[in-house]
Amino acid sequence: MFPLLLHFHPMTIYHYQVNKQADTVMTDCLFPKDQDEAQLKRDFDYYEAITVHDSSLSRAIFGILAHRLHHADDAYDYFMQTVMMDLSNSQGNTGDGIHAANMGSTWLSLIYGFAGLGLEKESFNLSPELPAAWNSLRFRFWFHGRQIEITITQPAVSIKLLSGQPLQFYFKHKPFKLTKDHLVNQYLK
């Protein structure tokens with residue numbers, strides 16, 4: 001894998017159906033409710049076949065969509081490629097500096113991918129699915145003036161309001177009330 005534009009003239013590349021990164025897949029990740037699952041799958045399948053991932057952000061976005069489509073192996077493979085990009089010098093340009101945006105996309109893969117965090121205007125939804133090899137994932141985030149801690153293990157998820165006002169949120173699209181006095185625990189299966 002290497003950046004095509006550094007090795008081929010653009011007029012050569014234009015004779016083939018290839019994508020540097022799939023902006024459609026990015027749009028699917030940013031606006032997940034705009035497409036049904038069947039369209040998301042068609043987009044994923046089509047663009048996965050022609051995308052060369054010359055962008056350091058591309059693999060993370062494919063991994064997030066793979067998670068949403070319940071393609072656990074693909075999601076994990078894309079995550080590992082994202083994590084290892086600079087460590088393995090997979091694009092042959094780490095000597096020029098690290099891919100800082102790729103580090104951010106690693107976080108996106110964890111939170112919007114495996115944790116399954118989906119943001120709404122006044123709420124959020126969690127649909128987590130950890131890779132089989134992982135024991136847990138814990139993170140904190142701020143949401144409308146509230147600090148929330150999420151702990152995901154293989155059997156369960158706990159959601160804790162650390163600061164701020166009570167909030168209704170969704171776990172696998174079922175509503176729950178989150179208050180400082182009450183830790184929400186849900187089993188994954």
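Throughout, numbering of the chain's residues begins at 1 and tracks the sequence.
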inquiry  = Using 30° and 60° as the class boundaries, would you call the ring planes of Phe62 and Tyr78 parallel, tilted or perpendicular?
reply    = tilted
key: Spatial distance of atom CD1 (Ile64) from atom CG (Leu69) [nearest 0.5 Å]   = 12.0 Å
request  = Could you tell me the separation between the CD atom of Gln81 and the OG1 atom of Thr106, rounded to the nearest 0.5 Å?
outcome  = 12.0 Å
inquiry  = Between Leu178 and Gln168, is there a side-chain heavy-atom distance shorter than 4.5 Å?
reply    = no
message = Which label fits His67 and His70: parallel for a plane angle under 30°, tilted from 30 to 60°, or perpendicular past 60°?
response = tilted
task = Answer with yes or no whether the hydrophobic clustering places Leu162 together with Leu137; edges join I, L, V, M, F, W, Y residues whose side-chain heavy atoms lie under 4.5 Å apart.
result = no
query = Is there a donor-acceptor contact under 3.5 Å linking the side chains of Thr94 and Asp96?
reply = no
Side-chain donor-acceptor distances from residues 146-160 under 3.5 Å, at least two apart:
{"from": "Arg146", "atom 1": "NE", "to": "Gln165", "atom 2": "O", "distance (Å)": "2.7"}
{"from": "Arg146", "atom 1": "NH1", "to": "His144", "atom 2": "O", "distance (Å)": "3.4"}
{"from": "Arg146", "atom 1": "NH2", "to": "Pro166", "atom 2": "O", "distance (Å)": "3.3"}
{"from": "Glu149", "atom 1": "OE2", "to": "Arg140", "atom 2": "NE", "distance (Å)": "2.9"}
{"from": "Glu149", "atom 1": "OE2", "to": "Arg140", "atom 2": "NH2", "distance (Å)": "3.1"}
{"from": "Thr151", "atom 1": "OG1", "to": "Arg138", "atom 2": "NE", "distance (Å)": "2.9"}
{"from": "Thr153", "atom 1": "OG1", "to": "Ala156", "atom 2": "N", "distance (Å)": "3.2"}
{"from": "Thr153", "atom 1": "OG1", "to": "Ala156", "atom 2": "O", "distance (Å)": "3.1"}
{"from": "Gln154", "atom 1": "NE2", "to": "Pro131", "atom 2": "O", "distance (Å)": "2.8"}
{"from": "Gln154", "atom 1": "NE2", "to": "Trp134", "atom 2": "O", "distance (Å)": "2.6"}

query = Less than 4.5 Å apart, any side-chain heavy atom of Lys177 and any of Thr179?
reply = yes
request  = May I ask you to check whether Phe79 and Phe114 place their ring centers less than 6.0 Å from one another?
outcome  = yes
Side-chain heavy atoms of Phe169 within contact of Phe143, under 4.5 Å = no
inquiry  = If I take atom NE2 from residue His53 and atom OG1 from residue Thr82, how far apart are they, to the nearest 0.5 angstrom?
reply    = 9.0 Å
task = Answer with yes or no whether the hydrophobic clustering places Val83 together with Trp107; edges join I, L, V, M, F, W, Y residues whose side-chain heavy atoms lie under 4.5 Å apart.
result = yes
ask   = Atom CZ of Phe171 and atom CG of Leu126: how far apart are they, to the nearest 0.5 Å?
value = 7.0 Å
task = Calculate, to the nearest 0.5 Å, the distance between atoms CG and CG belonging to Leu130 and Asn135 respectively.
result = 9.0 Å
Joint hydrophobic cluster, Leu57 plus Leu110, side-chain heavy atoms closer than 4.5 Å = no
ask   = If two hydrophobic side chains count as joined below 4.5 Å and joins carry through other members, does Phe31 share a cluster with Leu65?
value = yes
request  = Give, for atom CD of Gln35 and atom CG of Leu40, the distance between the pair rounded to the nearest 0.5 Å.
outcome  = 6.5 Å
task = Please find out if less than 6.0 Å separates the ring center of Tyr170 from that of Phe176.
result = no
message = Could you check whether any side-chain heavy atom of Glu120 comes within less than 4.5 Å of a side-chain heavy atom of Lys33, counting everything from C-beta outward?
response = yes
ask   = Any donor and acceptor pair, going by atom type alone, linking the side chain of Arg68 with main-chain N or O of Cys29 inside 3.5 Å?
value = yes
key: Minimum heavy-atom distance His99-Asp86, with the two atoms named   = ND1-OD1, 2.6 Å
message = Using every non-hydrogen atom in the two residues, find where Glu129 and Ala72 come nearest and quote the distance to one decimal.
response = OE2-CB, 3.9 Å
request  = Show the numbers, then the answer: is there a side chain to side chain contact (heavy atoms under 4.5 Å, CB included) between Phe44 and Asp28?
outcome  = CA-CA 9 Å; Phe44 181 86; Asp28 290 343; over 6 Å; no
remark   = Quick note, salt bridge (Lys or Arg N to Asp or Glu O under 4.0 Å) partners involving residues 34-44, not counting sequence neighbours, are Lys41-Asp45
message = Would you say Met85 ends up clustered with Met80 if hydrophobic residues are merged whenever their side chains have heavy atoms under 4.5 Å apart, either directly or through other cluster members?
response = no
task = Apply side-chain hydrogen bond (donor to acceptor under 3.5 Å, both in side chains) to the pair Ser123 and Asn125, showing each step before the final yes or no.
result = CA-CA 7 Å; Ser123 190; Asn125 181 65; over 6 Å; no
key: Atom of Gly63, atom of Ala75 and distance for their closest heavy-atom approach   = O-CB, 3.6 Å
note = What one should report as the nearest heavy-atom pair of Ser163 and Leu161 is O-CD1, 3.3 Å
message = Using side-chain heavy atoms (C-beta onward) and a distance below 4.5 Å, is Ser105 in contact with Ile61?
response = no
inquiry  = Applying salt bridge (charged side-chain N to carboxylate O under 4.0 Å, His left out), can you list everything that pairs with Lys174, at least two apart in sequence or on another chain?
reply    = none
